[in-house]
Protein chains: 2
Amino acid sequence: MPDSKKPVKRMPGEDRKAQIVKVATLLFAKNGFKGTTTREIARKAGISEAVIFKHFSRKEDLYKAIIDSRCSEGTGQSRLINHLKGKKGKEVFKDLAAFLLSEHQRDSSFLRLLTYSALEKHDLSEIFIKTKGLELIEFIEAHIKSLIDEGVLKKTDPAVAARAFMGMVLHYSISQELYGLKKYFERPNETVIDIFVNIFFEGMKRR
Amino acid sequence: MPDSKKPVKRMPGEDRKAQIVKVATLLFAKNGFKGTTTREIARKAGISEAVIFKHFSRKEDLYKAIIDSRCSEGTGQSRLINHLKGKKGKEVFKDLAAFLLSEHQRDSSFLRLLTYSALEKHDLSEIFIKTKGLELIEFIEAHIKSLIDEGVLKKTDPAVAARAFMGMVLHYSISQELYGLKKYFERPNETVIDIFVNIFFEGMKRR
DNA sequence: AGTATTAAAGTAAGCACTTACTCACTAACT
DNA sequence: AGTTAGTGAGTAAGTGCTTACTTTAATACT
């Protein structure tokens with residue numbers, strides 16, 4: 001009687017599964033989906049290739065698992081958004097920029113994964129891009145809108161303004177970390193943030 | 001024998017080598033270096049695979065040829081820079097943004113090639129990234145510097161300011177064309193450009 | 001308790017196919 | 001006749017994925 005009582009215990013393979021996803025994430029971020037072999041993943045995880053296929057029937061499923069976990073995990077950005085909700089005015093922009101720059105400098109793998117995902121289009125990548133890429137935009141858009149309503153900022157399409165600010169910050173991160181341009185250009189984060197926020201805030205200020 | 005996919009035919013004066021580079025550029029931009037097979041290139045060029053290796057001893061050499069030609073070709077950006085030299089003040093920013101947005105919308109393959117090149121790092125990609133990525137930045141940086149010296153803009157590190165403006169424009173292009181976010185957000189180019197340039201110019205203006 | 005049963009976790013080897021790359025050879029042009 | 005551009009049929013080294021089998025450990029049944 002296989003169904004009579006199924007104790008809800010930790011599936012024995014759960015740890016391994018998580019480990020495989022972890023290793024795969026590393027490698028996909030480094031070399032892309034197409035540039036990573038299942039053999040490589042197995043080797044780095046210290047197991048045989050077949051184990052991977054015990055847990056994920058296709059290589060593509062591994063990718064899905066990564067995207068899924070990255071989408072649902074509320075660690076990074078949601079905590080950031082909560083933190084930002086306590087701030088007001090210019091502070092929000094400063095804190096947002098500071099967080100993003102330092103986070104991407106510390107570990108650029110998320111940025112790489114997102115970009116690879118955009119170029120090699122898979123089924124789920126669109127959802128990934130959309131949730132992760134638009135999450136912050138929408139928050140900052142709402143913040144800008146409220147500042148406009150308060151009369152602090154001049155009347156401007158908040159969606160476009162939000163993209164202007166995020167563009168400054170994100171493209172800076174991308175060109176420094178992904179394009180590897182930090183060899184040719186280095187300034188302290190605070191300096192860059194100060195100038196970016198100033199340009200944006202002064203440029204948007206009602207007068 | 002006729003191919004199911006339309007072969008990219010060789011132009012009358014064009015030699016095989018140039019044709020191969022052309023086809024490879026298309027495919028590398030679409031699927032990346034690792035995601036493109038020599039077989040695919042041959043098929044699309046309507047020739048056998050061996051011909052490719054008559055002209056390029058390794059697949060990597062094909063990539064080098066692409067990067068080389070893209071680096072040395074003065075068609076797109078240099079002409080733009082010449083055009084911009086006739087303009088002054090705010091106009092420069094507007095024209096620059098308008099050119100980049102419409103160019104990337106018309107054909108995003110250059111953007112894709114550059115981004116793939118950044119992720120899959122090959123020997124030459126750094127030079128590619130550097131020349132193509134920094135060319136415009138340096139021009140706009142010089143323009144900003146002169147506007148500061150004239151007293152039009154307030155004293156700011158021109159390198160950072162240039163990156164702020166280019167970030168707005170390029171990240172907008174990238175998120176629209178590469179991340180495929182234009183489904184979720186569409187505004188007329190002029191509207192976006194107007195807002196971007198306004199934020200930047202007002203934010204930088206001396207008062 | 002001690003033993004049998006079961007299921008999952010693991011492996012080594014290999015399958016069918018694709019990859020970049022080669023070569024012996026043919027036709028065509030000068 | 002010799003150079004050139006081209007090919008079809010290879011090659012060895014991968015590729016994702018499967019198979020046939022062993023180990024481990026928890027459970028079920030005397």
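Residue numbers begin at 1 in each chain, while the letters A, B, ... track the order of the sequences.
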Quiz prompt | Listed partners of A/F33 passing ring pair (Phe, Tyr, Trp, His ring centres under 6.0 Å), at least two apart | solution = A/F28, A/Y63, A/H122
Exercise. Just jot down the side chain to side chain donor-acceptor pair (under 3.5 Å) partners of A/H104, sequence neighbours excluded, or say none.
Key: A/S173
Quiz item: Could you state the CD-C1' distance from B/Q19 to D/dA5, rounded to the nearest angstrom?
Solution: 13 Å
Quiz item: So does B/K88 have more than 12 non-hydrogen atoms from other groups sitting under 6.0 Å from NZ?
Solution: no
Quiz item: Does a nitrogen or oxygen in the side chain of B/R16 sit under 4.0 Å from OP1 or OP2 of D/dA5?
Solution: no
Exercise. Quickly work out the B/Y63 OH to C/dC21 C1' distance and round it to whole Å.
Key: 21 Å
Quiz prompt | Those residues that, when tested against A/L26, pass side chain to side chain contact (heavy atoms under 4.5 Å, CB included) (two or more places apart) | solution = none
Quiz prompt | Rounded distance (Å) that lies between atom C1' of C/dA8 and atom CG of A/D15 | solution = 14 Å
Exercise. Please state how far atom CD1 in A/I52 lies from atom C1' in D/dT15, giving the value in whole angstrom units.
Key: 13 Å
Quiz item: Atom NZ of B/K34 to atom C1' of C/dA20: distance rounded to whole Å?
Solution: 15 Å
Quiz item: Going by the salt bridge (charged side-chain N to carboxylate O under 4.0 Å, His left out) test, which pairs reach into residues 133-148 of chain A, not counting sequence neighbours?
Solution: A/E141-A/R163, A/K145-A/D149
Quiz prompt | Interatomic distance, B/H55 NE2 vs D/dT4 P [rounded to whole Å] | solution = 12 Å
Just distance, no hydrogens or angles: give the donor-acceptor pairs under 3.5 Å from side chains in residues 91-98 of chain B, sequence neighbours left out.
residue : atom : partner : partner atom : Å
B/K94   : NZ   : B/D194  : OD1          : 3.2
B/D95   : OD2  : B/H83   : NE2          : 2.9

Quiz item: Just how far, in rounded Å, is P of D/dT18 from CZ of A/R58?
Solution: 10 Å
Practice problem: State whether the side chain of A/K132 and the backbone N or O of A/F110 hold a donor-acceptor pair below 3.5 Å, judged by distance alone. | Solution: no
Quiz item: Reading nucleotides 22-30 of chain C from the 5' end, what letters show protein touch, with B for base, S for backbone sugar-phosphate only, - for no heavy atom under 4.0 Å?
Solution: BB-------
For a quick test of your reading: what N or O donor-acceptor pairs under 3.5 Å do the side chains of residues 36-53 of chain A make, sequence neighbours left out?
residue : atom : partner : partner atom : Å
A/T36   : OG1  : A/L27   : O            : 3.2
A/T36   : OG1  : A/G32   : O            : 2.7
A/T37   : OG1  : A/E40   : N            : 3.0
A/T38   : OG1  : A/E49   : OE2          : 2.7
A/R39   : NE   : A/E49   : OE1          : 2.8
A/R39   : NH2  : A/E49   : OE1          : 3.4
A/E40   : OE1  : A/T37   : N            : 3.4

Exercise. Using whole Å, report how far NZ of B/K17 lies from C1' of D/dA5.
Key: 14 Å
Quiz item: In residues 39-48 of chain A, what residues come within less than 4.0 Å of DNA chain D, judged by heavy atoms?
Solution: A/R39
Quiz item: Going by the salt bridge (charged side-chain N to carboxylate O under 4.0 Å, His left out) test, which pairs reach into residues 178-192 of chain A, not counting sequence neighbours?
Solution: A/E177-A/K182, A/K183-B/E126, A/R187-B/D157
